[in-house]
Amino acid sequence: VDINMVTANTSPGWKIWAEDQDGTPLTVSTSPVIRVVSGATAKLQLLVPDEVAKPGTSSGKSGTVQPQTAGKKFLITVNACDANWNINSSVGDTVNLTTDDLWDTEPVNLALVSGTTYFVLDLRTAKVSSGCATDVTNAGINSSTSSAITVKTRAESPIYLQLVMPGETAVAGKGDAPVGGKSGSPSQRTAGNQFTMTVNATDRYWNIFTADPGLGAGWPVGAKIFTTDNYDTEVSSKALTNGTTVFNWTFFTAGVIYSTATDADATSPLYTEYGSSVSVSANSPVNMQVILPGETAVDGHPQGKTGVP
């Protein structure tokens, strides 16, 4: 009988039993201890939190992958394995680990110690992510991709109110508030022409809270926008739906206008406001304005001037 053992076991080792299966009372025979070592290193193995190595199985591991939180560090294990996922403890190769999170800081390369090493990951984008381990020393060793890791928004106070202007795009995971969170630059607006501003409720890494983060009764937040245009119409507050809302807005004063998104009430959770500036150009000429002594021209004013002749 040919036997192919796939799971390494050097202590105490495996035994083989031979038993009679047809009812004849023959004595059971047991082999001496057979010590099975791992084979040649063929591939790397990645284990994320709550996964454990299971040599000799088809996947080489078991366990339920636990979700992680943006910005909270966790360990990921890399093993050098043979074709049957047995760890080869004699391997000391250098391993590189990368992720598909564009905004985390990739860890430095590490050497395997007795066939194993541990990387610290700090994922920043709330999405489904994964890691990939590559043997830097030996290109002939197959790389490995981890199981999918669900990264959640970081539910802690304060929540950040992000204002996104036309020309800007919200980018989850980019930077640490108050830095980052967007790409692009606000595009110039024209006085008197309506446009939209978007307000998002995010964690410190600019991941949008699409559901109640459980930080207080003031959810969904009622957002309000204030601007430095003295003559625009301040729109009433709006409740965010799935962590976001859109305001229709019109500036009337040419110049650089600063807008700020803020919480419309004082109910917890605590919200931190953020804004953005934009250049506003004059609209096409439609009126001839006469300024008499005692009057002052005022951009954006409904009558275009103040004072009495």
Side-chain angles (χ1 to χ4, degrees), residues 4-14 35-154 172-176 203-205 207:
N4 180 24
M5 293 185 172
V6 297
T7 307
N9 185 352
T10 58
S11 180
W14 301 115
R35 291 178 174 81
V36 179
V37 299
S38 59
T41 302
K43 53 193 174 184
L44 297 178
Q45 177 187 56
L46 276 176
L47 300 175
V48 298
D50 277 19
E51 288 185 323
V52 294
K54 287 291 184 181
T57 63
S58 58
S59 67
K61 57 187 177 182
S62 66
T64 301
V65 178
Q66 293 301 302
Q68 301 301 315
T69 300
K72 293 194 174 182
K73 298 177 180 179
F74 62 97
L75 285 178
I76 190 166
T77 304
V78 179
N79 297 319
C81 296
D82 65 12
N84 295 300
W85 301 109
N86 297 294
I87 298 174
N88 191 331
S89 60
S90 66
V91 177
D93 292 0
T94 298
V95 174
N96 169 263
L97 182 68
T98 59
T99 76
D100 60 2
D101 187 333
L102 296 177
W103 307 112
D104 67 337
T105 299
E106 303 289 21
V108 298
N109 294 351
L110 294 175
L112 297 167
V113 177
S114 299
T116 298
T117 194
Y118 305 93
F119 288 89
V120 177
L121 290 188
D122 182 7
L123 302 176
R124 297 299 179 91
T125 308
K127 68 181 190 72
V128 177
S129 290
S130 62
C132 180
T134 304
D135 192 313
V136 176
T137 306
N138 185 350
I141 304 301
N142 290 332
S143 60
S144 177
T145 300
S146 73
S147 301
I149 307 165
T150 299
V151 181
K152 305 180 295 182
T153 50
R154 187 162 180 156
K174 182 182 180 181
D176 191 340
D203 65 13
R204 62 185 293 180
Y205 304 114
N207 298 295

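Computed from a predicted model, the values in this text were never measured in an experiment.
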Student: If you define the side chain from C-beta out and look only at heavy atoms, does anything of Ile87 sit under 4.5 Å from Pro55?
Tutor: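 Of all side-chain heavy-atom pairs linking Pro55 with Ile87, none is under 4.5 Å.
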Student: Is a side-chain N or O of Thr94 found less than 3.5 angstrom from the main chain of Val136, in a donor-acceptor match?
Tutor: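 Not confirmed, Thr94 side chain does not pair with Val136 backbone.
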Student: Do you know the tightest heavy-atom contact between Ala70 and Asn207?
Tutor: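 In terms of heavy atoms, the two residues are closest at CB-ND2, 3.7 Å.
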Student: With rounding to the nearest 0.5 Å, note down the distance linking CD in Gln45 to CG in Asp82.
Tutor: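 The CG atom of Asp82 is 10.5 Å from CD of Gln45, to the nearest 0.5 Å.
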Student: With side chain to side chain contact (heavy atoms under 4.5 Å, CB included) as the test, would you mind laying out the steps for Asp93 and Leu112 before giving the verdict?
Tutor: CA-CA 6 Å; Asp93 292 0; Leu112 297 167; 4.3 Å; yes
Student: Can you give me the closest heavy-atom contact between Tyr205 and Asp203, atom names plus distance?
Tutor: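 Minimum heavy-atom contact is N-OD1, 2.9 Å.
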Student: Measuring from Leu75:CG to Leu47:CG, what's the distance to the nearest 0.5 Å?
Tutor: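 One gets 11.5 Å once the value is rounded to the nearest 0.5 Å.
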Student: Nearest heavy-atom pair of Gly71 and Arg154: which atoms, and what distance?
Tutor: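 It is O-NH1, 3.1 Å.
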Student: Got a second to check how far Leu110's CG is from Thr117's OG1, nearest 0.5 Å?
Tutor: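 Going from the CG atom of Leu110 to the OG1 atom of Thr117 covers 4.5 Å.
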Student: So how far is it from Asn138 CG to Thr41 OG1, rounded to the nearest 0.5 Å?
Tutor: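 Asn138 CG to Thr41 OG1: 8.5 Å, rounded to 0.5 Å.
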Student: If I take atom OG from residue Ser146 and atom CG from residue Leu44, how far apart are they, to the nearest 0.5 angstrom?
Tutor: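 Taking OG in Ser146 and CG in Leu44, the distance rounds to 12.5 Å.
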Student: Any donor and acceptor pair, going by atom type alone, linking the side chain of Trp85 with main-chain N or O of Ser58 inside 3.5 Å?
Tutor: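 At least one qualifying donor-acceptor pair exists.
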Student: Distance only, no hydrogens: is a donor on one side chain within 3.5 Å (strictly under) of an acceptor on the other, for Ser129 and Asp101?
Tutor: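 Their side chains do not contain a donor-acceptor pair, so the 3.5 Å distance test is not met.
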Student: Ignoring hydrogens, what is the shortest heavy-atom contact between Val95 and Ala133? Give both atom names and the distance.
Tutor: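 Taking every non-hydrogen atom into account, CG1-CB, 4.1 Å.
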Student: Is Phe74 close to Leu123 at the side-chain level, that is, under 4.5 Å between some pair of heavy atoms?
Tutor: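 Answer yes - side chains close enough.
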Student: Taking only residues two or more places apart in sequence, or in another chain, which ones meet Thr98 in a side chain to side chain contact (heavy atoms under 4.5 Å, CB included)?
Tutor: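 Testing Thr98 for side chain to side chain contact (heavy atoms under 4.5 Å, CB included), a comparison that skips the adjacent residues, returns Asn96, Glu106, Cys132.
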Student: So, taking the atom named SG in Cys81 and the one named CD1 in Ile141, what distance separates them when rounded to the nearest 0.5 Å?
Tutor: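 Cys81 atom SG to Ile141 atom CD1 measures 10.5 Å (nearest 0.5 Å).
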Student: Would you say Gln68's side chain and Gln66's backbone share a donor-acceptor pair under 3.5 angstrom?
Tutor: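 The answer is yes, because a donor-acceptor pair under 3.5 Å joins these two groups.
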Student: Does the side chain of Lys127 reach to within under 4.5 Å of the side chain of Asp100, using non-hydrogen atoms?
Tutor: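 Counting from C-beta outward, Lys127 and Asp100 do come under 4.5 Å.
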Student: What do the steps show when you test Arg204 against Asp176 for salt bridge (charged side-chain N to carboxylate O under 4.0 Å, His left out), and what is the final call?
Tutor: CA-CA 6 Å; Arg204 62 185 293 180; Asp176 191 340; 3.0 Å; yes
Student: Taking side chain as C-beta onward, heavy atoms only, is Asp104 less than 4.5 Å from Asp122?
Tutor: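 Asp104 does not reach Asp122 side chain to side chain.
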Student: Judged by atom type as modelled, is there a donor-acceptor pair below 3.5 Å linking the side chain of Ser143 to the main-chain atoms of Thr134?
Tutor: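 Checking the backbone N and O of Thr134 against the side chain of Ser143, no donor-acceptor pair under 3.5 Å is found.
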Student: Looking at residues at least two apart in the chain, or sitting in another chain, which of them share a side chain to side chain contact (heavy atoms under 4.5 Å, CB included) with Thr57?
Tutor: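 Lys54, Ser59.
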Student: Are any non-hydrogen side-chain atoms of Lys61 and Ser147 less than 4.5 angstrom apart?
Tutor: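 Result yes, sub-4.5 Å side-chain heavy-atom pair found.
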Student: What pair of heavy atoms forms the shortest contact from Thr116 to Thr77, and how long is it?
Tutor: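 Nearest heavy atoms, Thr116 then Thr77: CG2-CG2, 3.9 Å.
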Student: Testing the basics here: between Leu46 and Leu97, what is the closest heavy-atom pair and its distance to 0.1 Å?
Tutor: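 Leu46 and Leu97 have their closest heavy atoms at CD2-CD1, 3.9 Å.
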Student: Going by atom types alone, do Thr150 and Lys152 pair a side-chain donor with an acceptor below 3.5 Å?
Tutor: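 No, because no side-chain N or O of Thr150 sits under 3.5 Å from a partner of the opposite role on Lys152.
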